[in-house]
Amino acid sequence: MAMPGTIRQFLENSSLSYEILNHPRTSSLAEAAQACHLELHQLTRTVMLADAEGLLMVIMAADELLDFGALHQLLDRDLELVPQHKLAEIFDDCEKNSCPPLAKVYGLEAIIDSKLESRDEIIFEPGSHTSLVQISGTDFNHLFDKVSYAPITRA
């Protein structure tokens with residue numbers, strides 16, 4: 001599957017510069033990084049959480065672990081991982097297990113780990129297991145109505 005049309009259109013309509021890194025089909029971000037001759041820490045991943053208030057997209061480096069304690073203290077929310085079958089409903093235009101960090105496309109609230117704030121480049125899977133998108137950190141911020149950075153991960 002190529003990049004979903006909704007993602008491609010969103011990126012094109014943003015009028016920002018980005019590059020598509022095509023690679024053979026992979027089943028994980030680690031494999032995608034290897035296929036593109038990148039280190040895993042260079043890639044960004046999405047973790048979807050939910051509670052009674054709704055969904056929250058967490059965007060973080062692919063090699064980091066989410067610190068649920070820090071997130072709870074910051075937001076005062078009891079968030080839990082969204083079950084796999086629900087991810088398919090949220091990202092219904094994407095390949096299974098590919099959740100692009102583009103909250104605006106899906107009408108979601110998002111928080112971004114502060115370790116990504118100073119990144120020159122953001123590289124992420126755009127809903128397909130055969131490509132990555134590389135965009136400048138500055139341009140990535142422009143893809144959000146409001147950018148919220150916070151220290152929410154640990155190595």
Take Met57 and Glu109, measure what side chain to side chain contact (heavy atoms under 4.5 Å, CB included) needs, and give me the verdict at the end.
CA-CA 6 Å; Met57 177 182 281; Glu109 179 185 353; over 6 Å; no
Between Arg45 and Glu125, is there a donor-acceptor pair closer than 3.5 Å when you use the side chain of the first and the backbone of the second?
no
Quick one: pull up CD1 in Ile90 and CG in Leu55 and give me the separation to the nearest 0.5 Å.
4.5 Å
Between Asp51 and Glu53, what is the shortest heavy-atom contact and its length?
OD1-N, 2.8 Å
Which heavy atom in Pro100 sits nearest to a heavy atom in Gly127, and how many Å separate them?
CG-N, 3.7 Å
Same apolar cluster (I L V M F W Y, side chains within < 4.5 Å links), Ile122/Leu143:
yes
More than 12 heavy atoms from other groups under 6.0 Å of CD on Gln73:
no
What's the verdict on side chain to side chain contact (heavy atoms under 4.5 Å, CB included) for Lys104 and Leu102, showing C-alpha distance, side-chain angles and the deciding distance?
CA-CA 6 Å; Lys104 194 171 184 178; Leu102 302 171; over 6 Å; no
Could you tell me whether the side chains of Ser128 and Thr130 share a donor-acceptor contact shorter than 3.5 Å?
yes
Close side-chain approach of Val147 and Tyr149, heavy atoms under 4.5 Å:
yes
Calculate, to the nearest 0.5 Å, the distance between atoms CG and CE belonging to Leu87 and Met48 respectively.
7.0 Å
Heavy-atom distance under 4.5 Å between the side chains of Met3 and Val133, does that happen here?
yes
What are the two closest non-hydrogen atoms of Ile111 and Ala150, and how far apart are they?
CD1-CB, 3.8 Å
Can you tell me how far CG of Asn97 sits from OG of Ser27, rounded to the nearest 0.5 angstrom?
9.0 Å
Minimal non-hydrogen separation, Tyr106 against Cys94, with atom names:
OH-SG, 3.2 Å
Less than 4.5 Å apart, any side-chain heavy atom of Met60 and any of Ile152?
no
Hey, any chance Leu29 and Ile20 share a hydrophobic cluster, counting ILVMFWY side chains that come within less than 4.5 Å of each other, even indirectly?
no
Ignoring hydrogens, what is the shortest heavy-atom contact between Pro126 and Pro4? Give both atom names and the distance.
O-CD, 3.1 Å
Please find the pair of heavy atoms, one from Leu38 and one from Ile123, that lie closest to each other, and give the distance.
CD1-CD1, 4.0 Å
Return yes when atom CG of Asp92 has more than 12 non-hydrogen atoms of other residues, nucleotides or ligands closer than 6.0 Å, and no otherwise.
yes
Is Tyr18 linked to Leu21 within one hydrophobic cluster, defined over Ile, Leu, Val, Met, Phe, Trp and Tyr using a side-chain heavy-atom separation of less than 4.5 Å?
no
Do Glu80 and Asp78 have side-chain heavy atoms sitting under 4.5 Å apart?
no
Val47 versus Leu81: any side-chain heavy-atom pair under 4.5 Å?
yes
Got Leu79 and Val58 here, is their nearest side-chain heavy-atom distance under 4.5 Å?
no
Side-chain heavy atoms under 4.5 angstrom apart, residues restricted to Ile, Leu, Val, Met, Phe, Trp, Tyr: same cluster for Leu116 and Leu108?
yes
Determine whether Val82 and Leu71 fall in the same hydrophobic cluster, where Ile, Leu, Val, Met, Phe, Trp and Tyr are linked whenever their side-chain heavy atoms lie under 4.5 Å apart.
no
CD (Gln134) and OG1 (Thr44) are apart, to the nearest 0.5 Å, by 10.5 Å
For the OG1 atom of Thr26 and the CG atom of Leu132, what is their distance to the nearest 0.5 Å?
7.0 Å
Can you check whether Lys96's main-chain N or O pairs, donor with acceptor, with His129's side chain at less than 3.5 Å?
yes
Does a side-chain heavy-atom distance below 4.5 Å link Phe91 with Ser98?
no
Before giving the answer on side chain to side chain contact (heavy atoms under 4.5 Å, CB included), spell out for Phe124 and Ile135 the whole-Å C-alpha distance, their side-chain angles and the decisive distance to 0.1 Å.
CA-CA 9 Å; Phe124 62 90; Ile135 189 168; 4.1 Å; yes
Given 3.5 Å as the limit, does a donor-acceptor pair link the side chain of Glu64 with the main chain of Thr153, or not?
no
Distance col, row Phe68:CZ vs Arg77:CZ, nearest 0.5 angstrom, shows 12.0 Å
Between Asn22 (side chain) and Ser131 (backbone), is there a donor-acceptor pair under 3.5 Å?
no
Checking Ile59 against Phe140 for the side chain to side chain contact (heavy atoms under 4.5 Å, CB included) test, could you report, in this order, the C-alpha distance in whole Å, the side-chain angles of both residues, the deciding distance, and whether it holds?
CA-CA 12 Å; Ile59 302 166; Phe140 183 72; 4.3 Å; yes
